[in-house]
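A short write-up of the structure that comes next.
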Amino acid sequence: MASLGAGLHLIRRRGAGRSSAVERRNLLTVCRFSVKTLLDRSCFETIDDSSPEFVNFVSILEHILSHRLKGQTTWFGYESPRSFWDYIKAACSKVAHNCIRSMESMENVRSSRAKGRAWIRVVLMEKRLSEYISFALRDFKTSRRFYEDGAIMLGEEAGLLADTLIGLNTIDFSFCLKGEGLDGSCPAVIDYTPYLKFTQSADSISSDEEEMRTLGSSGSESSSPDKTATAASIFTEQSNLVSKCKRFEQKYRMALEQKGYLEELVRLREAQLSEAVSHNKALQQSLADAHLSHTVEKEQLEYIILELQDQLTVLKNNDLRSRQELTAHLTNQWPSPDALDANAVALDTLLYRKNTGQWDEKSFQSLEQLSADMSLSQTSLEPSHTLSLEARPANTQWPHQEETPSLRGLCGSLTSVASYKSLASLKSSECLASPATEISSPGITPS
């Protein structure tokens, strides 16, 4: 029983899939026929609401947009029927310069189905129906939310539908948005009779003629003389020849049409092939040029890198040479410790001569030169190079005990730069007396 139930379920699924595929194919085929009839009729008269071809086209398009459309779930979990206008309103709201808001604000159109029908007429007059459908198909997330599996709007056939509707942009439509066609209570019904055409084949026609001939010949044998039978046979032969000639003529025309189509297709493919070959050659040439320019730029960059490395090496050598020259120059200008000791001894000797009265102009110039030399050295002397006043022996005898301003600057140690700089001020009358003036100061013995 379980296997039987599974088999029945599989058969039902296959039947449902086949019926859905047949329904999609029928709707798309009828839509294509309807577009062709609209294009043919537009060559002779204006298309409006009264045209039966337009009424049938609108019904077909409404069936396509409503194919396997999901219902709207209510608060209680039930699904209420939904119109395709809800899908168009959600999927086409971002189309540039759309008419969605105008449809929503129409006073005489209240129901959702009526708004959808009014939208079809408006976009046909704007020549933008294919644009709206293509934009809605690109929003696959919204389409998936509104349609069930197997719907036309979710299949590959939807793209063919958008391409088919492009031909309607050549028709100038004129509609009244207050007509009876906008009534939402009236369902859309498709009329298939204009597209149903039975064409009898040539073989079927010949077989029917043979059957009629045999029936006529059998009846004429019993009721007609031999002359009548001969005339009938001649007539049938002529009719057979005429029918065969017509069949051959029809086949010849079909062959000519196929030949012209194939020749046109071959010319088109040859033109496409030549264009592709020329484009390929242009791409190869551009690729070769790009490779050549890349090689030249690479060589130039390598040359620039080598030149910069050489310049950097030269700059490093110059910098090293400048550092060495600067070091040597500073080393030559820096006074040695022996010169500092000699300057200190000479200073003490001059001071001693001044205190003992042995002062002359040459001694003063020597003192000034010595002070300038010691100020240029910019360094401090070691404590062992000068003799401070505190380091004097305790038994040293000073000639006079009176302190004068001229020796106050020399009371400290001569180890600082400030002490050397203060020697230049000894020429002033405040700190250093003139050679003619007798100054009684303690004597300083040279060390």
Side-chain angles (χ1 to χ4, degrees), residues 18 20-45 47 53-54 56-57 60-61 63-65 67 123-124 127-138 140 150-173 190 192-206 242-288:
R18 179 185 176 280
S20 178
V22 171
E23 185 179 5
R24 291 198 305 269
R25 188 165 58 251
N26 290 341
L27 286 174
L28 291 173
T29 304
V30 173
C31 181
R32 188 164 58 251
F33 290 158
S34 177
V35 171
K36 289 183 179 179
T37 54
L38 277 175
L39 292 173
D40 295 339
R41 181 56 63 90
S42 64
C43 298
F44 304 101
E45 61 182 13
I47 305 298
E53 292 83 6
F54 171 74
N56 209 22
F57 168 75
I60 294 170
L61 185 60
H63 274 273
I64 291 175
L65 294 176
H67 183 250
V123 295
L124 282 174
K127 304 180 186 298
R128 300 180 64 188
L129 178 60
S130 177
E131 179 184 353
Y132 276 86
I133 297 297
S134 301
F135 190 88
L137 292 176
R138 286 195 294 269
F140 187 76
I152 296 177
M153 299 299 292
L154 296 179
E156 298 179 356
E157 303 91 348
L160 300 177
L161 173 65
D163 296 338
T164 303
L165 296 177
I166 294 178
L168 298 177
N169 296 339
T170 60
I171 303 176
D172 295 329
F173 294 96
I190 302 176
Y192 291 96
T193 54
Y195 317 115
L196 298 177
K197 182 179 180 181
F198 176 73
T199 304
Q200 190 176 7
S201 63
D203 297 334
S204 178
I205 294 173
S206 62
V242 171
S243 62
K244 287 181 179 180
C245 182
K246 289 182 178 179
R247 286 200 304 270
F248 282 128
E249 186 179 0
Q250 185 178 4
K251 290 181 179 179
Y252 177 72
R253 289 178 179 177
M254 291 178 61
L256 284 179
E257 291 179 358
Q258 291 178 358
K259 178 177 177 293
Y261 171 73
L262 292 176
E263 289 178 353
E264 184 66 25
L265 186 62
V266 168
R267 285 195 295 269
L268 178 62
R269 292 295 182 266
E270 287 179 352
Q272 291 178 354
L273 179 61
S274 61
E275 184 179 358
V277 169
S278 61
H279 184 63
N280 188 17
K281 289 182 180 179
L283 289 178
Q284 289 180 354
Q285 184 64 30
S286 62
L287 181 61

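At a threshold of 4.5 Å between non-hydrogen side-chain atoms, the residues Phe33 and Asn56 do not count as touching. Contact annotation: the side chain of Ile47 never approaches that of Leu124 to less than 4.5 Å [non-hydrogen atoms, C-beta and beyond]. Looking only at side-chain heavy atoms (C-beta outward), Thr164 and Leu28 stay at 4.5 Å or farther from each other. Between Asp172 and Lys127, the closest side-chain pair of non-hydrogen atoms falls below 4.5 Å.
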Practice problem: Could you walk me through whether Leu165 and Phe57 pass side-chain contact (heavy atoms from CB on, under 4.5 Å), step by step? | Solution: CA-CA 11 Å; Leu165 296 177; Phe57 168 75; 3.8 Å; yes
Quiz prompt | side chain to side chain donor-acceptor pair (under 3.5 Å) assessment of Ser20 paired with Arg24 | solution = CA-CA 6 Å; Ser20 178; Arg24 291 198 305 269; 3.2 Å; yes
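Within a 6.0 Å sphere centred on OH of Tyr192, heavy atoms belonging to other residues, nucleotides or ligands number more than 12. By the 6.0 Å contact criterion, CD on Gln272 is enclosed, its count of non-hydrogen atoms from other residues, nucleotides or ligands being greater than 12. Within a 6.0 Å radius of CZ in Arg253, no more than 12 heavy atoms belonging to other residues, nucleotides or ligands are found.
Proximity of a side-chain donor or acceptor of Thr37 to a complementary backbone N or O of Ser34 within less than 3.5 Å is detected. For Asn280 (side chain) and Ala276 (main-chain N/O), no donor-acceptor pair under 3.5 Å exists by modelled atom type. The closest donor-acceptor contact from the side chain of Ser274 to the backbone of Ala271 lies under 3.5 Å.
With respect to the salt-bridge test (charged N to carboxylate O, under 4.0 angstrom), the residues Glu264 and Arg267 qualify.
Evaluation of the salt bridge (Lys or Arg N to Asp or Glu O under 4.0 Å) rule for Glu45 yields Arg41 as partners, not counting sequence neighbours. Residues forming a ring pair (Phe, Tyr, Trp, His ring centres under 6.0 Å) with Phe173 (at least two apart in sequence, or on another chain): Phe175.
To the nearest 0.5 Å, the span separating NZ on Lys251 from NZ on Lys246 amounts to 15.5 Å. Taken to the nearest 0.5 Å, the CZ atom of Arg32 stands 11.5 Å off from the CG atom of Asp163. Note that CZ of Arg128 is 10.5 Å distant from CZ of Phe135, once rounded to the nearest 0.5 Å. Put simply, CG on Leu137 and CG on Leu154 are 9.0 Å apart, with the number rounded to the nearest 0.5 Å. Summarising the geometry, atom SG belonging to Cys31 is positioned 6.5 Å from atom CG belonging to Leu61; distances are rounded to the nearest 0.5 Å. The CG atom of Leu161 sits 8.0 Å away from the CG atom of Leu129 when rounded to the nearest 0.5 Å.
Here the shortest heavy-atom pairing between Leu39 and Gly167 reads CD2-O, 3.3 Å. Ala158 approaches Ile152 most closely through the heavy-atom pair CB-O, 3.4 Å. Minimum interatomic distance between Ser286 and Leu283 (heavy atoms only, all atoms of both residues): OG-O, 2.7 Å. The two residues His67 and Gly150 make their nearest non-hydrogen contact at CE1-O, 3.4 Å.
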